[in-house]
K.L.:
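What follows is a single structure, and I will ask about it in a moment.
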Amino acid sequence: MRLFVQLIIMVTIFTTILATSIVVQNFNNSKEYIQNQLYTDAVNTSHWLGFSLSIPSIVQLPVMESLINAAYDSGYYEEIRLLDINGTILYSRQDKKNIYNVPEWFINFIELKNEVASSDIIIDWQRFGTIEVRGHTDFAYHQLYNAFLYFVNIFLVTVTVGCFILYFLLHFSLRPLKRMQEQAEGIKENKFIIQEKLPFTTEFRSVAVAINSMIMKVKDIFERDSEILQEYQAVLYKDTETKIYNRKYLLIKLPDYLQDNSALGSGTYVMFSMEGLNRLKREHGYERYHKVLTFFIDDVQQAFDHVEDLLFVRLNINDFMLIVPSYHTLEVDEKLQIVLDKLRNRVNALDPDIEEYFKVGCGIGNYTPQDDMKRLLTRADNNVMLAKVEENFHAHIDQTDENTLVMGKEELREELLNAIEESRLLLISQPVMRLINDKQTLFHEKVFLRLFDSQGNEQRLNFTPMAIGIGISNKLDRYLMEQIFAAIHESRFQKDIAVTLGIDFIKNSSHFNWLVDQLALLNKAKTGHKICFNVSNNIAIHEVEAINEFALMIKSLGHMFAIDYFVLPQTTPVYLQILRPDFLRINTSYIFDMIYGDTPGHMRSSLLNIVNSIGTDIIATHINSTSDFDKLHQIKINYFQGAALSSTYQV
């Protein structure tokens, strides 16, 4: 029971007892006063009648009866009797009827004492008889009943008003406690809530200060670990001279770009080679060398600043590589020609003779999930060499690439729309395993679409990134979710499901509302399946508000939210505190670099500290060997996905 309710009950009981005691005491005083008045009135009347009847001139029974009648009619009496010295009733007037409307239960409950008052009648010094007077209790009961109703009304009003005042006073007084409760619940959910306005109450203020201090320390640990990881990531993955990513980062991230049915899974690669950079630095000075290099990097980034998930790295002192997902070679070539022309102009502005030894070549080609890292880099090197042979400051497009997309945008659009209409896009699943008590069990199935032709043959075409470029990613995501819901109701899934959705689907209000309705129907059907919705790390960073609304919605319906392709951003990862994902899907190589790198001991735990501080779990992806699995198990990562553990299959 809440403290507020307990205090309300206790203080209400105390107030009720106090008010009841006061009412009872006042009522008893009133009862005693009325009862005394009843007897006093009877005594006064008996004395007055006794004195009046003792006058010798009226010692006649008719006269006495007249006096008694006058007294009886002028007051409220139950009985007036005239007795002789032997106790014989000479005359009597009485009336025991209830005059006033007083409930019987009240009369039985009160039981007033109605004592008889008497006075002797003395005539000529001789006792004639006795006059007895008994007051009428009905009037007394009427007065008491009115007093009772008054006290009850006062009691009810007092208690009611008191409870209302008490409620608001307690609500106001305990408001700081409510904020402290929110802080405590926030800590449980790894949220950092600081109470800026400290309570007025001394005890509450002390507790609030202590909780604030504790939360600030936890928040400081999160931010310090984030800064440590960012610094370490910069040392590990950034080129010290240009501040762009290096070859090691390319080797970490490239598997995400070569992943089947990923939004990054096809596009264009570009390799630059600048022969003569060292000579330029030696003969023209570091400042001019660095200026040429900086302008070149800025031009490349400016030319592709609208491309999401662009990967730009420096492989070595002379070579650079660019990965442009979802773009064709001709689109990239147009932008690169502008970049190369600017570079040539800047070099010639320094000294036209530089071009004699400063050779720049650029190789362009398509990449697909069928490429492996070694093959892709080999092809890129060959294309760069061909570019240098053909012409300086020249880009060579690989025309012999067997993976080059043969369909244009409109052809691809038509093919995918036909595939949706003809249900030729089928569900493919790869298991995500969980380790419990050193035993692997199926946790959920990562689901995506695979294209089949009209003859039922699988087409090894990663259409997901291209669908974004041709504007039908919404339709694909809607079709994907429809197929998943149908498969769930047909019991085709062994376990829970994980699926990746694009930002266009999430930000589309009609699709969003449709998904809410379908999830509500799924919960109502009680199939027992939960869906883990994934978004890419880049989308989560740049679309925090939309993704947070989406994440809150699916969590409120009992489902899960995850961030895919996670890599620590260059700024503080505040978005993780906002989104609170259930899982972070992280490349195994990146995990090992962050934890097993050649760094001081406290750095090796920073990634896990950040993950633990936001209450999430890691799903290690791209596990290619059992040794990777063992090392992950040692650092208590219990969720795994990769070719070394399980392969894909059709649902």
Side-chain angles (χ1 to χ4, degrees), residues 230-254 268-305 307 310-324 332-333 335-365 373 376-397 570 593 597-599:
Q230 288 167 5
E231 293 172 1
Y232 176 48
Q233 184 168 275
V235 171
L236 194 63
Y237 295 133
K238 291 291 185 70
D239 178 61
T240 56
E241 195 170 41
T242 61
K243 304 306 178 184
I244 65 173
Y245 289 113
N246 57 21
R247 182 185 183 91
K248 188 175 183 66
Y249 188 77
L250 175 70
L251 299 179
I252 290 293
K253 286 296 292 180
L254 200 53
T268 299
Y269 70 84
V270 180
M271 181 177 281
F272 299 93
S273 181
M274 299 183 185
E275 184 181 335
L277 274 176
N278 278 332
R279 184 174 174 181
L280 176 66
K281 179 167 57 176
R282 185 172 62 252
E283 295 183 0
H284 292 270
Y286 179 81
E287 183 177 352
R288 292 186 176 181
Y289 151 82
H290 188 263
K291 186 177 292 187
V292 169
L293 206 56
T294 302
F295 278 129
F296 163 72
I297 292 171
D298 290 344
D299 289 341
V300 172
Q301 292 175 334
Q302 184 178 355
F304 297 95
D305 63 348
V307 179
L310 181 75
L311 183 58
F312 186 31
V313 301
R314 188 178 191 181
L315 299 175
N316 51 52
I317 191 170
N318 295 321
D319 298 335
F320 298 80
M321 193 162 190
L322 190 67
I323 302 294
V324 191
V332 174
D333 181 54
K335 300 178 182 298
L336 289 179
Q337 291 300 333
I338 299 174
V339 173
L340 292 173
D341 289 342
K342 287 183 178 179
L343 180 60
R344 169 176 265 167
N345 292 336
R346 287 196 174 97
V347 169
N348 288 331
L350 290 177
D351 186 350
D353 295 334
I354 294 177
E355 202 170 330
E356 294 180 4
Y357 63 84
F358 191 72
K359 304 295 181 183
V360 178
C362 181
I364 308 174
M373 196 178 305
L376 185 62
L377 294 176
T378 301
R379 285 166 49 208
D381 285 334
N382 291 336
N383 289 329
V384 166
M385 287 188 292
L386 289 173
K388 289 180 180 179
V389 170
E390 292 169 0
E391 184 183 349
N392 199 10
F393 293 93
H394 173 66
H396 174 81
I397 300 178
Q570 299 184 37
D593 281 342
D598 297 329
T599 58

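Just so it is clear, the values below take in all heavy atoms, side chains as well, and ignore hydrogens, waters and symmetry mates.
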K.L.:
Check whether more than 12 heavy atoms from other residues, nucleotides or ligands sit under 6.0 Å from atom CZ of Arg344, and answer yes or no.
P.N.:
yes

K.L.:
Please report the C-alpha distance between Asp593 and Lys248 in whole Å, then the side-chain angles of each, then the deciding distance to 0.1 Å, and finally whether the side-chain contact (heavy atoms from CB on, under 4.5 Å) criterion is met.
P.N.:
CA-CA 10 Å; Asp593 281 342; Lys248 188 175 183 66; 3.6 Å; yes

K.L.:
Given the rule in the side-chain contact (heavy atoms from CB on, under 4.5 Å) test, do Val347 and Met274 qualify, once you have shown the distances and angles that lead to the verdict?
P.N.:
CA-CA 12 Å; Val347 169; Met274 299 183 185; over 6 Å; no

K.L.:
Can you list the residues that meet the side-chain contact (heavy atoms from CB on, under 4.5 Å) rule with Arg282, with sequence neighbours excluded?
P.N.:
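By the side-chain contact (heavy atoms from CB on, under 4.5 Å) rule, Arg282 matches Arg279.
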
K.L.:
Val360 vs Asn392, test: side-chain contact (heavy atoms from CB on, under 4.5 Å). Steps then yes/no.
P.N.:
CA-CA 6 Å; Val360 178; Asn392 199 10; 4.1 Å; yes

K.L.:
Do the non-hydrogen side-chain atoms of Tyr237 and Lys253 ever get within less than 4.5 Å of each other?
P.N.:
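Not in contact.
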
K.L.:
Look at the aromatic rings of Tyr289 and Tyr286 and report parallel, tilted or perpendicular, splitting at 30° and 60°.
P.N.:
tilted

K.L.:
Is any side-chain heavy atom of His284 closer than 4.5 Å to a side-chain heavy atom of Val292?
P.N.:
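Result no, sub-4.5 Å side-chain heavy-atom pair not found.
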
K.L.:
Of all heavy-atom pairs between Ile244 and Val313, which one has the smallest distance, and what is that distance?
P.N.:
CD1-C, 3.9 Å

K.L.:
Can you find a side-chain donor-acceptor pair between Asp319 and Ser273 that sits under 3.5 Å?
P.N.:
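Yes, side-chain donor-acceptor contact under 3.5 Å.
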
K.L.:
Quick check: do Tyr269 and Val324 have side-chain heavy atoms less than 4.5 Å from each other?
P.N.:
no

K.L.:
Provide the closest heavy-atom pair for Cys362 versus Phe272 in the form atom of the first, atom of the second, distance.
P.N.:
SG-CE2, 3.8 Å

K.L.:
Taking the side chain as everything from C-beta on, heavy atoms only, tell me whether Asp381 gets closer than 4.5 Å to Met271.
P.N.:
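Result yes, sub-4.5 Å side-chain heavy-atom pair found.
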
K.L.:
Kindly compute the distance separating CG (Leu250) from CE (Met373), expressed to the nearest 0.5 Å.
P.N.:
7.0 Å

K.L.:
Once rounded to the nearest 0.5 Å, what's the spacing between atom CG of Leu340 and atom CZ of Phe393?
P.N.:
8.0 Å

K.L.:
Rounded at 0.5 Å granularity, tell me how far NZ in Lys342 sits from CG in Asp299.
P.N.:
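If I round to the nearest 0.5 Å, the distance is 4.5 Å.
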
K.L.:
Under 4.5 Å between any side-chain heavy atoms of Leu293 and Phe320, yes or no?
P.N.:
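Counting from C-beta outward, Leu293 and Phe320 do come under 4.5 Å.
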
K.L.:
In Å, rounded to the nearest 0.5 Å, how long is the span from CG of Leu377 to CG of Asn382?
P.N.:
11.0 Å

K.L.:
What distance separates Arg247 CZ from Leu254 CG, expressed to the nearest 0.5 Å?
P.N.:
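It is 10.5 Å, given to the nearest 0.5 Å.
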
K.L.:
Looking only at non-hydrogen atoms, find the nearest pair between His394 and Glu391 and report the distance.
P.N.:
CB-O, 3.1 Å

K.L.:
With a 4.5 Å cut-off on side-chain heavy atoms, are Tyr245 and Lys238 touching?
P.N.:
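Touching, per the 4.5 Å side-chain cut-off.
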
K.L.:
Using distance alone, with no hydrogens and no angle criterion, decide if Gln337 and Asp333 have a side-chain donor and acceptor under 3.5 Å apart.
P.N.:
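Yes - a donor-acceptor pair under 3.5 Å links their side chains.
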
K.L.:
Can any side-chain N or O of Asp305 pair as donor or acceptor with the backbone N or O of Gln301 at less than 3.5 Å?
P.N.:
no

K.L.:
What are the two closest heavy atoms between Asn383 and Gly363, and how far apart are they?
P.N.:
CB-CA, 3.6 Å

K.L.:
Between Phe304 and Leu336, does the side-chain contact (heavy atoms from CB on, under 4.5 Å) criterion hold? Intermediate values first, please.
P.N.:
CA-CA 10 Å; Phe304 297 95; Leu336 289 179; 4.1 Å; yes

K.L.:
Can you measure from CG (Leu236) to CG (Asn246) and round to the nearest 0.5 angstrom?
P.N.:
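Leu236 atom CG to Asn246 atom CG measures 7.0 Å (nearest 0.5 Å).
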
K.L.:
Do other residues, nucleotides or ligands put more than 12 heavy atoms under 6.0 Å from Glu241 CD?
P.N.:
yes

